Amino acid sequence: MNKNIVIDEKKSFTHIVELIISARENTFRKINEELILLYWNIGKHLSDEIQKHSWGDKYIDRVALYLKQNHPELRGFNKRGLYRMRQFFEIYKDDKIVSALLTQLSWANHLLIMSATTNTDERHFYIEKAIDEKWTYRELDRQLESAYYQRVTLSKNRVLSSNMVKTNTNPFLDTYDLEFLNLPNGYTENDLQNALLENMKNFLLEIGRDFTYMGKEIKIQVGGGDFFLDLLFFHRGLQCLVAFELK
């Protein structure tokens, strides 16, 4: 078979796969949007009814019992779930900043953020980051557990160079949480480097996905001397190379 024909066939086959994957992603996205809107509307109804009739929280208990007895096929609408829907609505009902973003996150991620954050700014941060960085449930949970918001907030107080100001944020943290490396006591610099390379996905999650890994032990010349960069990255926001020296 002609080589060009084989290449054209492969491109054609690949395009079909891309269409299928794109359609699936669009379907999942639409389903998620509808679910979030459903939970929002249920939460609104529960909140409005309680306020309108001066009913207490026991009203939600009675709704949950009614659904269980009369519509057992409707799963996920137990007492705990209904309370979280009401909480979801009441937290964000007057929040115009993130109202347009809510359907872009999964319900599981929303529950994580609501349970682990303490103020509006912190919620905004994790919602926007989770969307921008496309964090999975596990990745978001890790960032919440490692107090990522607090570490970013502290780092923002440092003076930035003119290049960094263009990104409207400081891409470098004062501290990084690398517990995922599981290094033993007394590890060497080489152990640290190898562990980071083996856990590059988690390392990029920690430092930010604007960083792209370029290589290790990159040789450069400075003042006529040869030096080796432990790890080299490219930062898309800053549009520059960033060297990581391991100590």
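Keep in mind it's a predicted model, so treat the numbers as computed, not measured.
Heavy-atom minimum distance, Asp230 versus Leu246: OD2-N, 2.7 Å. Taking every heavy atom of both residues into account, Phe234 and Cys240 meet most closely at CD1-O, 3.4 Å. Between Ile36 and Ser106, the closest heavy-atom pair is CD1-C, 4.2 Å. Considering every non-hydrogen atom in both Glu122 and Asn119, the closest pair reads N-OD1, 2.8 Å. When all heavy atoms of Leu181 and Ala195 are compared, the closest pair comes out as CD2-O, 3.5 Å. A pairwise comparison of heavy atoms in Leu232 and Ile218 identifies CB-CG1, 3.9 Å as the closest pair.
For His15, the NE2 atom sits in a loose shell: 12 or fewer heavy atoms of surrounding residues, nucleotides or ligands are nearer than 6.0 Å. Environment of NZ in Lys68: sparse, with no more than 12 heavy atoms of neighbouring residues, nucleotides or ligands closer than 6.0 Å. No more than 12 heavy atoms of other residues, nucleotides or ligands shown are found within 6.0 angstrom of CZ on Phe28. In this structure, Arg62 places its CZ atom where more than 12 heavy-atom neighbours from other residues, nucleotides or ligands lie under 6.0 Å away.
Of the possible polar contacts, one joining the Asn78 side chain to the Gly81 backbone as a donor-acceptor pair under 3.5 Å is found. The closest donor-acceptor contact from the side chain of Glu139 to the backbone of Thr136 lies under 3.5 Å. Of the possible donor and acceptor atoms, one in the side chain of Asn26 sits under 3.5 Å from a partner among the backbone N and O of Ser22. Asn109 places no side-chain N or O within 3.5 Å of a backbone atom of Leu105 that could act as its donor or acceptor partner. For Ser47 (side chain) and Gly43 (main-chain N/O), no donor-acceptor pair under 3.5 Å exists by modelled atom type. At least one donor-acceptor pair closer than 3.5 Å links the side chain of Asn194 to the backbone N or O of Asn190. Although no hydrogens or angles enter the test, the distance criterion places a donor-acceptor pair under 3.5 Å between the side chain of Tyr213 and the main chain of Lys216. In terms of modelled atom types and a separation under 3.5 Å, the side chain of Ser115 and the main chain of Leu111 share a donor-acceptor contact.
Between Glu206 and Arg142 a salt bridge is recorded (basic side-chain N to carboxylate O distance below 4.0 Å). Here Asp57 pairs with Arg86 in a salt bridge; the nearest charged N to carboxylate O distance falls below 4.0 Å. Salt bridge absent: Glu33 and Arg29 never bring a charged side-chain N and a carboxylate O closer than 4.0 Å.
For the atom pair Leu102 CG and His110 NE2, the distance stands at 5.0 Å (nearest 0.5 Å). Rounded to the nearest 0.5 Å, atoms NZ (Lys30) and OG1 (Thr103) are 8.5 Å apart. Within the model, atoms CG of Leu183 and CG of Asp191 stand 7.0 Å from one another, a figure rounded to the nearest 0.5 Å. Between the NE2 atom of His235 and the CD1 atom of Ile207 there is a distance of 8.5 Å, given to the nearest 0.5 Å. Once rounded to the nearest 0.5 Å, the distance linking CG of Leu82 with NE2 of His45 reads 10.5 Å. One finds the CG atom of Leu144 at 6.0 Å from the CG atom of Leu112 (value rounded to the nearest 0.5 Å).
Ring pair Tyr126/Trp135 is tilted by interplanar angle, where 30° to 60° counts as tilted. Ring geometry, Phe233 versus Phe211: the interplanar angle exceeds 60°, so the pair is classed perpendicular (tilted spans 30 to 60°). Ring orientation note: the planes of Trp107 and Phe88 are nearly perpendicular, at an angle over 60° on the 30°/60° scale.
Using a 4.5 Å cut-off on side-chain heavy atoms (C-beta onward), Lys129 and Gln143 make no contact. Put simply, the side chain of Ile60 reaches to within 4.5 Å of the side chain of Ile50, judged on heavy atoms. The shortest distance between side-chain heavy atoms of Thr27 and Arg24 does not fall below 4.5 Å. The side-chain heavy atoms of Arg123 and Val98, taken from C-beta on, include no pair separated by under 4.5 Å.
Between Phe203 and Phe244, the gap from one ring centroid to the other is short of 6.0 Å.
Listed by first then second residue, pairs satisfying ring pair (Phe, Tyr, Trp, His ring centres under 6.0 Å) with a partner in residues 56-86 read Trp55-Tyr59, not counting sequence neighbours.
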- Message: side chain to side chain contact (heavy atoms under 4.5 Å, CB included) for Leu231 and Met214? Distances and angles first, verdict last.
- Response: CA-CA 8 Å; Leu231 298 174; Met214 303 295 292; over 6 Å; no

- Task: Determine, stepwise, if the pair Glu217 / Gln193 fulfils side chain to side chain donor-acceptor pair (under 3.5 Å).
- Result: CA-CA 10 Å; Glu217 302 297 331; Gln193 184 184 63; 3.0 Å; yes

- When you look at Glu90 and Lys93, which way does the salt bridge (Lys or Arg N to Asp or Glu O under 4.0 Å) test go after all the steps? CA-CA 5 Å; Glu90 292 183 345; Lys93 64 180 179 179; 5.4 Å; no

- Item | Candidate pair Asp61 and Lys58, rule salt bridge (Lys or Arg N to Asp or Glu O under 4.0 Å), full reasoning | CA-CA 5 Å; Asp61 296 351; Lys58 292 296 182 182; 3.8 Å; yes

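Leu65 and Met85 fall into different hydrophobic clusters, defined by Ile, Leu, Val, Met, Phe, Trp and Tyr side-chain heavy atoms under 4.5 Å apart, directly or through other members. In the hydrophobic clustering of this structure, Leu19 does not group with Phe13; members are Ile, Leu, Val, Met, Phe, Trp, Tyr whose side-chain heavy atoms approach within less than 4.5 Å, directly or through other members. Each of Leu241 and Phe228 belongs to its own hydrophobic cluster when Ile, Leu, Val, Met, Phe, Trp and Tyr are linked at side-chain heavy-atom distances under 4.5 angstrom. There is a path of hydrophobic side-chain contacts, each under 4.5 Å, that joins Ile127 to Leu35. The same ILVMFWY cluster, assembled from side-chain heavy atoms under 4.5 Å apart, contains both Tyr187 and Phe180.
Looking only at atom types and distance, the side chain of Arg151 has a donor-acceptor partner in the side chain of Ser146 under 3.5 Å away.
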